[in-house]
2 protein chains.
Amino acid sequence: MRHSIIEPVEAPAEDRAAVIRDHIRNAIVDRRLGPGTKLSEQEVGALFDASRTVARAALQMLSFEGLVRTERNRGAFVANPTPAEARHVFASRRVIEPGIAADACARIGPDDIARFEAQLADESRYLALRGPEARRSEIKASGDFHLLLARVAGNPILLRFMEELVARSSLVIALYGRTGASTCGHSEHQEIAAALSAGDAERAGALIMRHIDHIEADLDLNHKGSTALRDAIAV
Amino acid sequence: MRHSIIEPVEAPAEDRAAVIRDHIRNAIVDRRLGPGTKLSEQEVGALFDASRTVARAALQMLSFEGLVRTERNRGAFVANPTPAEARHVFASRRVIEPGIAADACARIGPDDIARFEAQLADESRYLALRGPEARRSEIKASGDFHLLLARVAGNPILLRFMEELVARSSLVIALYGRTGASTCGHSEHQEIAAALSAGDAERAGALIMRHIDHIEADLDLNHKGSTALRDAIAV
DNA sequence: TTTGGTCGGATTGCATACAATTCGTTCATG
DNA sequence: CATGAACGAATTGTATGCAATCCGACCAAA
């Protein structure tokens, strides 16, 4: 009944650009769109039955999130992070996530714990499956864990920062990931959730830190940086 | 001569929307545009001799930064942060800035130290002046100190986050600031810079934390939250 | 084969026209 | 006087047209 006053009965003419943005972002995070893929305004618009204006707005949003790189008079492309950018992403996560874990620890409640359990169950399920499709879902779920953590922390600003960082991490892993170290990640997620449930903020922070270390250690961030002239002389 | 290859001789047809965005952002941070001010697309466009399309793009950027709130079919307004949002801003800074200070400590060099000194000198200069004009410059310079810190840290992602947080802080201070506690802030900036120069990351982090505490303590975040029905029943 | 130049298609940047929505005003009614 | 409906001005949401720009194909010359 509590919906009757606030929530409109029908869809409130949702922002179409945001819908397009969400679809494309999911496609990028799920690796259905590889780094470097061209995203033409006309094509995107046609795909969602919208004009270039709306498609352009969606691409602009994605460009703010760092998932899409736009070049003037050339168009928008799925971002192709350099190793340096990849390191920046993880350095940012090292700065932010321990603090988020501490906040989450202070605010976590029974229903949050239930959400964590559901999340971990999802991860286990995907982990059991095989094939590229399952692997994509697994990466997605792994990111969702960190977003759940941020949501529990209860700070919308930090949540938005984490959304950006998690999405960019997916791109980085797609580009530089070596193996399925995500299996190792799952048990770490369990430990983190346990520390949170126990209210041990310090331990949760330390575990998160180690977890990020492990994710980054599984990347191959050397010599892939395309020794192109362009990068060599880049200012 | 090193400019001859990379940098174009003429201005490279800079993005006009970004120019508009920067102007409006400065106006907001400098308090020339107060919270709640309507920013009509037509007016903004006319002011910069551009069409609504470009003005709209600029407003969209500012909306992503949290400086402008857009309501569908109603338009864009300078953000009017609630006390809760204000607390989120400072909570985010508490999470991020100590980490930035640590990174800055690890990378700081002689030229950076010189920049800090120049920055502190600027602050002193504005502090000596009187009048609302001087006070605006003072607030701006105070924010610039934190941005310089983030720039020295060398992580573009965290720098962008800090740009957003500093800008929103200005709004919050404009709304809820009590007195000129910024004077107290200046000596703290000096201490922080000293700790950085000495390479004492731990002390720098602790000082930053206390500094943020002091800034927030000078705010009056109670009972100003407009006990409007709208907020009372907000989901 | 490689280098340099020109042309044409395709795409973006921007301005503008039209449709949809909102809000203040006016006015009729209880 | 208070309430509510209806109208109209103003503003935003969206589509589309035109000019500017870029890129690849093609071709000529060394």
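Chain letters run A, B, ... following the sequence lines, proteins first, then strands; residues in each count from 1.
The salt bridge (charged side-chain N to carboxylate O under 4.0 Å, His left out) test applied to B:Arg94 returns B:Asp213, B:Glu216, not counting sequence neighbours. The salt bridge (charged side-chain N to carboxylate O under 4.0 Å, His left out) check on B:Glu97 picks up B:Arg93, with sequence neighbours excluded.
By the 4.5 Å heavy-atom criterion applied to side chains, A:Asp103 and A:Val152 are not counted as neighbours.
Rounded to whole Å, atom C1' of C:dT12 lies 6 Å from atom CG of A:Asn73. Rounded to an integer number of Å, the gap from CD of A:Glu71 to P of C:dA10 is 21 Å. The CG atom of A:Leu59 sits 11 Å away from the C1' atom of C:dT12 (whole-angstrom rounding). In this structure, the CZ atom of A:Arg72 is 7 Å from the C1' atom of C:dG13, given to the nearest Å. If you measure from atom CG of A:Asp15 to atom P of C:dA20, you get 18 Å, rounded to the nearest angstrom.
Taking a 6.0 Å sphere around CZ of A:Arg136, one finds it holds more than 12 heavy atoms contributed by other residues, nucleotides or ligands. Within 6.0 Å of the CG atom in A:Asp49, the count of heavy atoms belonging to other residues, nucleotides or ligands does not exceed 12.
Against DNA chain C, the stretch residues 37-58 of chain A makes heavy-atom approaches under 4.0 Å through A:Lys38, A:Ser40, A:Glu41, A:Arg52, A:Arg56.
With hydrogens and angles ignored, the 3.5 Å screen pairs no side-chain donor or acceptor of B:Asp30 with any backbone N or O of B:Arg32.
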